[in-house]
Protein chains: 2
Amino acid sequence: MQNSKTKDYFNPGVTVDVAIFTIEDGSLKILLIKRANEPFKNKLALPGGFIHEDETAHDTALRVLADKAGVAGVYIEQLYTFDAPNRDPRGQIMSVTYFALVPREKINIEEGRQTEQPKFIDVEKIAALSFDHSEILAYARKRLQDKIQYTNVIYSLLPKLFTLSQLQSTYEIILDKKIDKRNFRKKFLQLGLLEATEKKFSEGRQRPAVLYRFKKTGFAELKKFF
Amino acid sequence: MQNSKTKDYFNPGVTVDVAIFTIEDGSLKILLIKRANEPFKNKLALPGGFIHEDETAHDTALRVLADKAGVAGVYIEQLYTFDAPNRDPRGQIMSVTYFALVPREKINIEEGRQTEQPKFIDVEKIAALSFDHSEILAYARKRLQDKIQYTNVIYSLLPKLFTLSQLQSTYEIILDKKIDKRNFRKKFLQLGLLEATEKKFSEGRQRPAVLYRFKKTGFAELKKFF
DNA sequence: GTCATTTAGTGTTCTAAATACACTATATAA
DNA sequence: TTATATAGTGTATTTAGAACACTAAATGAC
């Protein structure tokens with residue numbers, strides 16, 4: 001492959017790394033792969049890849065999502081571009097990072113088929129990662145925490161129909177704090193984003209919960225509300 | 001110049017563009033240059049430059065600040081990485097963008113010495129810019145508006161000593177709205193960031209104003225407060 | 001079939017923050 | 001001395017956030 005638009009300037013390498021979040025079993029999880037090659041062979045890392053010719057960083061992120069998580073059409077947003085010296089032992093390589101939010105059931109990891117064995121891992125249980133990926137993960141978590149407080153992005157972590165308890169639990173997991181049930185419901189319903197459906201959800205010996213859906217998906221900016 | 005760490009991957013070009021804001025004559029202004037070369041020769045653009053070898057994007061931004069605005073030690077922050085196809089007619093070149101906040105009196109533009117004639121221009125009076133720089137400017141203004149509402153970055157646009165009226169005016173200019181004087185003072189003083197000095201500022205036939213300073217400079221995150 | 005258990009669902013009171021609003025103080029220039 | 005320009009100050013009202021406990025509806029166990 002050859003750069004047809006070469007200048008006589010220095011061009012750093014450019015990769016894209018993606019923090020793919022989901023909620024599973026009451027935890028916030030992120031997709032990690034086991035690196036198949038050096039550097040950091042067999043170590044955990046964020047899924048990513050080099051930008052190809054005629055591909056935007058966003059395109060690359062979508063490609064990574066499709067290849068490593070088997071999903072498309074999910075919420076994705078550029079985070080930050082990391083380029084600390086020596087972040088990559090191969091040389092001057094910057095990483096344009098993205099984060100993606102995916103409801104667990106949309107994800108299709110073909111177990112075993114991929115050498116890199118992509119897996120969702122509880123963010124609280126992650127030790128060291130390859131490169132500066134721990135830093136990227138910390139940055140992504142902070143962005144996620146901030147963003148669910150002044151936007152409606154939470155919809156992108158939930159199934160189409162969900163209960164208010166599920167919604168509240170999602171907030172609690174990400175913000176890592178308990179929220180008062182009555183205050184949560186009052187405030188969230190007041191935002192006018194939800195509509196109740198006729199359906200109910202029941203599981204086990206308990207009162208069934210009304211299922212809600214977002215009136216419209218698509219991104220919206222709100223006032224800060226927690 | 002030669003990339004000593006070459007891989008057999010495609011490397012896009014990488015530039016850094018910087019939105020340098022200041023307040024002057026009651027307006028929010030940004031530093032623009034007149035491009036000396038093609039493409040967009042003689043058109044207005046954000047100051048910027050290619051990343052050099054062994055230089056981080058942040059370093060590049062500092063270099064641009066020093067070269068084009070003659071300042072160092074100012075507030076600077078990475079904004080976003082723009083890489084839309086065809087944003088640069090020379091080919092696939094991404095721009096890692098930064099914004100900087102500078103008190104007007106710190107800036108040292110050597111008039112006429114530079115072929116690019118860097119000038120501060122009122123953001124309200126800017127028509128089209130080169131490349132996708134209008135988009136970058138819009139993004140930077142939004143970030144600035146948001147950021148002064150939940151951080152103390154406003155300090156980086158003010159001189160060491162300033163009056164509460166100057167401070168309020170800076171907020172009003174950036175947010176493009178009037179703020180009630182009593183409420184503003186009450187709220188801002190309550191934050192505990194300022195200390196009054198013995199000095200007073202007078203200009204013209206009017207009561208002199210107490211000069212304040214920030215107790216500590218350096219970035220801090222606050223609650224959203226307007 | 002009743003009772004124990006589990007989660008769903010609901011209002012009010014109190015506190016804190018945001019907003020709306022108008023006059024006096026102190027300097028200079030005319 | 002007086003007109004003018006900006007500095008500086010307090011209260012009342014409204015709105016939003018926080019704290020708090022019981023009833024409702026289903027199932028599983030016995």
Side-chain angles (χ1 to χ4, degrees), chain A residues 23 25-26 145-146 148-152 158-159 161-173 175-213 221-226, chain B residues 23 25-26 145-146 148-152 158-159 161-173 175-213 221-226:
Chain A
I23 302 284
D25 302 330
Q145 285 192 338
D146 291 346
I148 60 171
Q149 293 183 75
Y150 65 91
T151 75
N152 65 347
L158 292 163
L161 300 180
F162 52 88
T163 69
L164 288 180
S165 294
Q166 278 176 272
L167 179 64
Q168 178 176 345
S169 162
T170 306
Y171 271 99
E172 289 177 336
I173 291 163
L175 298 178
D176 194 27
K177 67 173 186 190
K178 286 279 165 207
I179 302 171
D180 178 88
K181 195 206 277 190
R182 282 170 290 191
N183 292 341
F184 177 85
R185 284 164 187 244
K186 198 193 315 171
K187 206 195 258 183
F188 209 98
L189 290 173
Q190 208 171 290
L191 291 173
L193 299 173
L194 300 185
E195 58 188 7
T197 66
E198 298 301 305
K199 293 172 187 161
K200 301 217 166 184
F201 173 81
S202 76
E203 181 187 53
R205 49 174 174 173
Q206 70 221 235
R207 178 174 175 178
V210 171
L211 287 165
Y212 287 80
R213 69 168 144 248
E221 195 144 339
L222 315 171
K223 284 175 202 158
K224 193 151 185 167
F225 65 95
F226 285 113
Chain B
I23 301 284
D25 303 331
Q145 286 191 337
D146 291 347
I148 61 170
Q149 293 183 76
Y150 65 90
T151 75
N152 65 348
L158 290 164
L161 300 181
F162 51 88
T163 69
L164 289 180
S165 295
Q166 277 177 272
L167 179 64
Q168 178 176 345
S169 162
T170 305
Y171 270 100
E172 289 177 336
I173 290 163
L175 298 177
D176 196 25
K177 69 173 183 190
K178 284 282 166 203
I179 302 171
D180 179 86
K181 196 205 278 191
R182 282 170 293 190
N183 293 340
F184 177 84
R185 285 165 187 241
K186 197 193 314 171
K187 204 194 261 182
F188 209 97
L189 290 173
Q190 208 172 291
L191 292 173
L193 299 174
L194 300 185
E195 59 189 4
T197 66
E198 298 301 304
K199 293 173 190 163
K200 302 216 165 185
F201 173 80
S202 76
E203 181 186 54
R205 50 174 175 173
Q206 69 219 237
R207 178 174 174 177
V210 171
L211 286 165
Y212 287 80
R213 69 169 146 247
E221 195 144 336
L222 314 171
K223 283 174 203 160
K224 195 152 187 168
F225 66 95
F226 285 113

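In the text below, chain A, chain B and the rest are named by the order of the sequence lines, each starting its count at 1. In what follows, every heavy atom counts, from backbone to side chain, and hydrogens, waters and symmetry copies are set aside.
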If you assign B:Arg205 and A:Arg205 each to the DNA chain D nucleotide with the nearest heavy atom, which residue ends up on the more 5' nucleotide? B:Arg205

Residues which pass side-chain contact (heavy atoms from CB on, under 4.5 Å) with A:Leu189, listed by chain and number, not counting sequence neighbours: A:Leu164, A:Leu194, A:Tyr212

Quick one: list whatever passes side-chain contact (heavy atoms from CB on, under 4.5 Å) with A:Ile173, sequence neighbours left out. A:Ile23, A:Leu28, A:Ser169

Atom of [X], atom of [Y] and distance for their closest heavy-atom approach:
X	Y	answer
B:Ile179	B:Tyr171	CD1-CB, 3.8 Å
A:Phe184	A:Leu167	CZ-CG, 3.7 Å
B:Arg213	B:Leu161	CB-CD2, 3.8 Å

[atom1] of [X] versus [atom2] of [N]: gap in Å, rounded?
X	N	atom1	atom2	answer
A:Gln190	D:dA18	CD	P	13 Å
A:Ile179	D:dC20	CD1	P	17 Å
B:Phe188	C:dA17	CZ	P	17 Å
A:Gln206	D:dG28	CD	C1'	12 Å
A:Phe184	D:dA19	CZ	C1'	17 Å
B:Lys187	C:dA16	NZ	P	17 Å

Does some side-chain heavy atom of A:Leu211 sit less than 4.5 Å from a side-chain heavy atom of A:Thr163? yes

Mind listing the N/O atom pairs, protein and nucleotides 8-14 of chain D, below 3.5 Å?
unit_1: D:dG8; atom_1: OP1; unit_2: B:Val210; atom_2: N; d: 2.8
unit_1: D:dG8; atom_1: OP2; unit_2: B:Arg185; atom_2: NH1; d: 3.2
unit_1: D:dG8; atom_1: N7; unit_2: B:Lys181; atom_2: NZ; d: 2.7
unit_1: D:dT11; atom_1: O4; unit_2: B:Lys186; atom_2: NZ; d: 3.0

